[in-house]
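All heavy atoms count here, side chains included; hydrogens, waters and symmetry mates do not.
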Amino acid sequence: MNDPGSTVPAATRRLDPDAAGLAQAAALLRAGALVAFPTETVYGLGADATDPAAVARIFAAKERPRFNPLIAHLADRDAALAEGSFDEAARRLAEAFWPGPLTLVVPAHAGTRVCDLARAGLPSVALRVPGHPVARALLEAVGRPVAAPSANRSGRVSPTRAEHVLDDLAGRIAGLLDGGDTPVGVESTVVACLGGPPRLLRPGGITRAALGVVLGFDPAAPEAADADQPAGPGMLASHYAPRARVRLDVERIEPGEALLLFGDGWPEGHEWARAVLNLSPAGDPAEAASRLFGALRDLDASGAATIAVVPIRAEGLGEAIRDRLARAAAPR
């Protein structure tokens, strides 16, 4: 059993999302330990964002490059507004989509509680108010910003179930709040509001079209990732990667490949596939997004050297799905 006063996990304790489990998770976080918890997007690996030593434990557990900034999660919009400077566009987006799967990168207040390490030394801060009831209850109990990247080894497939977290991080973190499967299944949309028009840094659970309705225009397209200093979370070119190589937009399957389908079509040579999963037989992007990371993990477990993915159109949530698949397929 983990001692809430210790930051060193003897073993990862799986906690129920009830009052007792939430109290234990909050105590661990306040003591500087690491706790994974569900959000509506994926499971996050939480640490006290005000404590550089606690944040450093995230990087150690994930084996994550320290130049990659982290998202600070807050219990409500007022708490987020206290950490950064929101221009008119940022305020409109926060009012429309918080709580929910949107991260806003804004100039950090001089007195922000989010430590420099969590911000990767940047003058900006990435903020989110999640919509998942377990996440919000935990954040309210902690009473301070919680830094929480996805709860997996850096560069690996993001976790959408408690079992995925344990596959990567068992014994490396103190606690895991088990909230079942995450409903959205891809990470939050990241929008930078740093002067000038808002920029879409990462497509995610909020579509470009939905952002455009609120802003009155489409935000600028994602920019190429800076390998030395990403402007926001989740922007490394190679990311979300299974062990197997990922091959995109395939029309013909090679013998022994694993096959990831979308819709009711079958590529040539599908009978040669080592394993087959369909993100959504009906071609529903929302269903596909919710199943994407679990499907990549399951196909990776088949032992295939390559996962072949059929074409998926970059419309609505399809943009976020293609973004994650492109990063999974990037050279490592």
Side-chain angles (χ1 to χ4, degrees), residues 39-42 68-69 71 77 80-81 84-108 122-131 150 158 183-227 229-237 239-240 248-249 262-263 279-280 283-290 292-293 309 311-330:
T39 76
E40 67 275 26
T41 57
V42 299
N68 201 357
I71 298 172
R77 191 164 66 236
L81 291 172
S85 298
F86 286 61
D87 60 17
E88 180 183 354
R91 286 182 178 272
R92 288 166 63 186
L93 291 170
E95 290 171 1
F97 298 115
W98 279 353
L102 174 69
T103 294
L104 293 174
V105 179
V106 298
L122 297 173
S124 56
V125 61
L127 303 170
R128 180 157 98 90
V129 178
S150 56
S158 297
V184 175
V186 293
E187 293 83 357
S188 61
T189 299
V190 180
V191 177
C193 296
L194 297 170
R199 288 187 298 133
L200 177 62
L201 299 185
R202 179 181 75 183
I206 302 295
T207 66
R208 180 191 298 273
L211 297 172
V213 168
V214 172
L215 294 171
F217 57 88
D218 280 352
E223 297 183 348
D226 184 340
Q229 181 65 78
M235 294 186 65
L236 295 178
H239 207 46
Y240 316 112
L248 302 180
D249 297 323
F262 176 73
L279 291 174
S280 173
D284 178 5
E287 181 184 21
S290 71
L292 175 63
F293 290 136
V309 185
I312 299 174
R313 297 176 65 182
E315 295 178 356
L317 279 175
E319 182 179 17
I321 294 168
R322 285 195 63 88
D323 172 81
R324 302 312 189 272
L325 288 169
R327 294 173 193 267

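Of the charged side-chain nitrogens involved, at least one lies within less than 4.0 Å of a carboxylate oxygen, so that Arg208 and Glu319 count as a salt-bridged pair. Under 4.0 Å is where a charged nitrogen must lie from a carboxylate oxygen, and between Glu40 and Arg128 at least one such pair does.
Within the model, atoms CG of Leu93 and CD1 of Ile206 stand 9.5 Å from one another, a figure rounded to the nearest 0.5 Å. In this structure, CG in Leu215 is found 10.0 Å from CD in Glu88, a value given to the nearest 0.5 Å. Between atom CD of residue Glu287 and atom CG of residue Leu292 there is a gap of 12.5 Å, rounded to the nearest 0.5 Å. In this structure, CG in Leu102 is found 6.5 Å from CG in Leu211, a value given to the nearest 0.5 Å. With values rounded to the nearest 0.5 angstrom, Leu201 atom CG is found 7.5 Å from Leu194 atom CG. If you take CG on Leu325 and CG on Asp249, they are separated by 9.0 Å, rounding to the nearest 0.5 Å.
For the pair Pro198 and Phe217, the tightest heavy-atom approach, listed with the atom from each and the gap, is CD-CZ, 3.6 Å. When every heavy atom of Val106 is checked against every heavy atom of Ser85, the shortest pair comes out as CB-O, 3.4 Å. Nearest approach of Val186 to Ala320, heavy atoms of both residues: CG2-CB, 4.3 Å. Closest non-hydrogen pair, Ala126 versus Val105, comes out as CB-CG2, 4.1 Å. Residue Ala288 comes nearest to Phe262 through the heavy atom pair CB-CE1, 3.6 Å, listed as atom of the first residue, atom of the second, then distance. Ala80 and Trp98 make their closest contact through CB-CZ3, 3.6 Å (heavy atoms, listed as atom of the first residue, atom of the second, distance).
Residues Thr189 and Phe97 are not in side-chain contact: their nearest non-hydrogen atoms beyond the backbone lie 4.5 Å or more apart. Contact of the Thr207 side chain with the Glu315 side chain is not registered, since no non-hydrogen atoms from C-beta on lie closer than 4.5 Å.
Residues passing the salt bridge (charged side-chain N to carboxylate O under 4.0 Å, His left out) test with Glu95, sequence neighbours excluded: none.
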Chi angles and distances behind the side-chain contact (heavy atoms from CB on, under 4.5 Å) call for Arg324, Arg202: CA-CA 9 Å; Arg324 302 312 189 272; Arg202 179 181 75 183; 3.7 Å; yes
Candidate pair Val184 and Leu317, rule side-chain contact (heavy atoms from CB on, under 4.5 Å), full reasoning: CA-CA 10 Å; Val184 175; Leu317 279 175; 5.6 Å; no
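Checked by atom type and distance alone, the side chain of Arg313 never pairs as donor or acceptor with a backbone atom of Gly318 at under 3.5 Å. Not a single donor-acceptor pair under 3.5 Å links the side chain of Ser290 to the backbone N or O of Gly185.
Side-chain contact annotation: Thr103 with Ser188, donor-acceptor N/O pair under 3.5 Å present. Under the 3.5 Å distance criterion, with hydrogens and angles disregarded, a donor-acceptor pair is assigned to the side chains of Ser158 and Glu187.
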